[in-house]
There are 2 protein chains.
Amino acid sequence: MKYSSQTRLLVAVDCIIFGFDGTDYKLLLIQRGFAPEKEKWSLMGGFVQPEESLDEAAERILKQLTGLHDVYMEEMQAFSQPDRDPIERVIAVAYVALIDIEKYQTQINDDFHARWYSIKELPNLIFDHKKMVEIALTKLRYKAAFHPILFELLPEKFTLPQLQAMYEGLYDTKIDKRNFTRKVLSTKLLKKENDKDKSSSKKGAFYYSLDEDHYKENFTNIHNFIPRNEIPAGVE
Amino acid sequence: MKYSSQTRLLVAVDCIIFGFDGTDYKLLLIQRGFAPEKEKWSLMGGFVQPEESLDEAAERILKQLTGLHDVYMEEMQAFSQPDRDPIERVIAVAYVALIDIEKYQTQINDDFHARWYSIKELPNLIFDHKKMVEIALTKLRYKAAFHPILFELLPEKFTLPQLQAMYEGLYDTKIDKRNFTRKVLSTKLLKKENDKDKSSSKKGAFYYSLDEDHYKENFTNIHNFIPRNEIPAGVE
DNA sequence: AATATTAATTGTCTTTTTTACACTATTAAA
DNA sequence: TTTAATAGTGTAAAAAAGACAATTAATATT
């Protein structure tokens with residue numbers, strides 16, 4: 001017994017993979033090796049297979065490109081304009097992933113001609129991928145204002161100046177150091193380490209790391225990482 | 001030229017339609033007239049047609065059931081476990097709609113044996129529809145804490161006590177009248193009308209209505225409708 | 001050895017926002 | 001006119017957020 005009278009459609013997953021290099025937000029793009037739009041830049045995507053869920057498809061695709069699993073990733077939105085792919089109708093479900101750029105394993109992705117692009121200097125992207133990225137950034141700004149997700153972009157140990165630069169980069173604003181530090185430490189999400197990062201100053205900045213237990217318990221709580229007047233309008 | 005080697009899948013849209021009757025939150029459900037699960041209760045759904053987007057499919061389906069269009073509705077999440085429908089694999093994209101229960105046009109839906117159920121007394125639902133509703137409620141609680149979406153559940157003119165009851169119902173809590181009134185009026189989203197609703201008290205409560213211009217402009221802004229300690233954890 | 005340089009670290013006061021809390025006003029019904 | 005039932009309103013205390021700049025630590029330079 002089947003729903004025999006109904007039309008079946010191609011369903012794909014596209015991964016919007018963000019990284020942060022200490023200064024800029026980056027997007028991991030691939031150069032398509034196949035038509036249509038061969039050699040144009042694109043998000044990494046793939047068709048959903050008969051026996052896998054969308055989440056599984058997204059994980060498979062992220063693994064293919066980056067070698068990484070257990071990465072922060074969530075469903076963002078479906079893109080379903082019938083003509084969005086000129087070859088044939090494909091419904092794409094966009095996923096957003098945040099990864100520590102240093103964990104990215106370049107050897108695995110060589111097949112895909114992948115490259116990190118600064119989000120300020122994106123190349124032209126195929127289909128509606130530009131729109132996907134814009135929406136992803138808007139949603140990221142919104143969510144990161146209240147939830148500690150940006151930590152996923154940093155290595156295990158990071159300094160407060162690095163953390164602040166990451167927030168300042170996303171919202172393109174300057175935040176007062178003292179107020180920022182107070183807010184962040186008041187969340188109790190961070191543990192101070194004993195060593196310092198001396199790569200960017202003579203004095204050196206103490207490393208911090210996530211207090212994993214506290215982090216998981218409080219992840220869904222509402223925090224307030226950026227000043228009120230920088231909080232972006234929501235999406236939709 | 002087609003993506004000929006790929007498997008195509010059925011894609012459906014399911015509508016989670018919320019209403020509020022002054023006391024309780026309601027969900028509009030239909031009694032399925034066809035197998036599988038004939039006569040069981042279900043969300044209203046339908047397959048995505050070849051020439052329509054998911055948004056269009058959701059609107060079509062909502063219109064079929066309720067006679068309403070131009071309704072607040074947004075994509076929530078995809079449900080894609082391969083075995084979620086026992087007949088055949090179907091990827092469902094869940095949409096959440098908020099409607100003024102009084103606008104619901106009963107004559108149109110008679111085909112579907114539709115009924116409003118209090119969310120406190122839901123019947124068993126088919127497939128994973130129960131899960132969809134739970135997630136929808138969690139997300140609604142989260143979003144409504146910061147954005148003025150619940151107004152979509154009320155008629156054009158409503159009173160402050162009605163409004164407060166609606167918030168108290170969603171978060172299952174009591175809110176101080178004075179603080180609630182101050183917060184709500186400080187958003188500038190409301191216009192005070194000159195007449196009163198006397199149906200629930202002798203004194204009567206003044207009607208208010210949305211200041212449409214202000215509402216649209218400020219819709220995506222962050223507001224704060226409920227006390228801090230009632231703000232729910234986010235979803236995910 | 002002293003000094004210069006560079007970025008990290010730290011505290012206080014003011015303003016704004018939120019919360020806690022209880023009496024008066026209005027009108028229909030008895 | 002009394003009663004009953006819900007609507008409407010203000011203030012003070014607490015908490016959170018914002019504005020603001022001097023000191024510290026370590027290295028590099030002279």
Contact pattern, 5' to 3', of nucleotides 22-30 of chain C - B, S or - by protein heavy atom under 4.0 Å: B--BBBB--
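Straight-line distance from the CD atom of B:Glu230 to the C1' atom of C:dT18: 14 Å, rounded to whole Å. Distance CZ (A:Phe225) to P (D:dG18): 14 Å, rounded to an integer number of Å. Counting to the nearest Å, the C1' atom of D:dA26 and the CG atom of A:Asp195 are 16 Å from each other. One atom, CG of A:Asn179, and another, P of D:dA15, lie 19 Å apart when rounded to the nearest Å. Between the CG atom of B:Asn229 and the C1' atom of D:dA14 there is a distance of 14 Å, rounded to whole Å. In this structure, A:Phe180 atom CZ and C:dT9 atom C1' are separated by 15 Å, rounded to whole Å. One atom, CD1 of A:Ile222, and another, P of C:dT18, lie 14 Å apart when rounded to the nearest Å. For the pair B:Ile226 CD1 and C:dT18 C1', the interatomic distance rounds to 14 Å; values are reported in whole Å.
Residue A:Ser200 is in sugar-phosphate contact alone, with no base atom involved, counting any heavy-atom pair closer than 4.0 Å across all strands shown.
Residues B:Asp55 and B:Ser53 bring no donor and acceptor atom of their side chains to less than 3.5 Å of each other. Side-chain contact annotation: A:Asn194 with A:Tyr207, donor-acceptor N/O pair under 3.5 Å absent. Side-chain contact annotation: A:Glu193 with A:Ser209, donor-acceptor N/O pair under 3.5 Å present. In summary, the side chains of B:Glu217 and B:Tyr215 do not present any donor paired with an acceptor at a separation below 3.5 Å, with no hydrogens or angles considered. Checked by atom type, the side-chain pair B:Glu230/B:Thr173 shows a donor-acceptor distance below 3.5 Å.
Of all nucleotides listed (D:dA17, D:dA16, D:dA19), D:dA17 comes nearest to the side chain of A:Asn224.
Using a 4.0 Å cut-off between a side-chain N of Lys or Arg and a carboxylate O of Asp or Glu, A:Lys157 and A:Asp197 do not qualify as a salt bridge.
Proximity of residues 161-170 of chain B to DNA chain C (heavy atom under 4.0 angstrom from any strand atom) is not detected for any residue. For the segment residues 182-189 of chain B, residues with any heavy atom less than 4.0 angstrom from an atom of DNA chain C are, sorted by number, B:Arg182, B:Lys183.
Between A:Tyr117 and A:His129, the distance separating the two ring centers is not shorter than 6.0 angstrom. In summary, the aromatic rings of B:Phe151 and B:Tyr72 are positioned with their centroids too far apart to meet the 6.0 Å limit. Aromatic rings from B:Phe146 and A:Phe146 are positioned such that their centres are separated by under 6.0 Å. Separation of the A:Tyr167 and A:Phe180 ring centroids falls under the 6.0 Å cut-off.
The shortest distance between side-chain heavy atoms of B:Ile135 and B:Phe79 falls below 4.5 Å.
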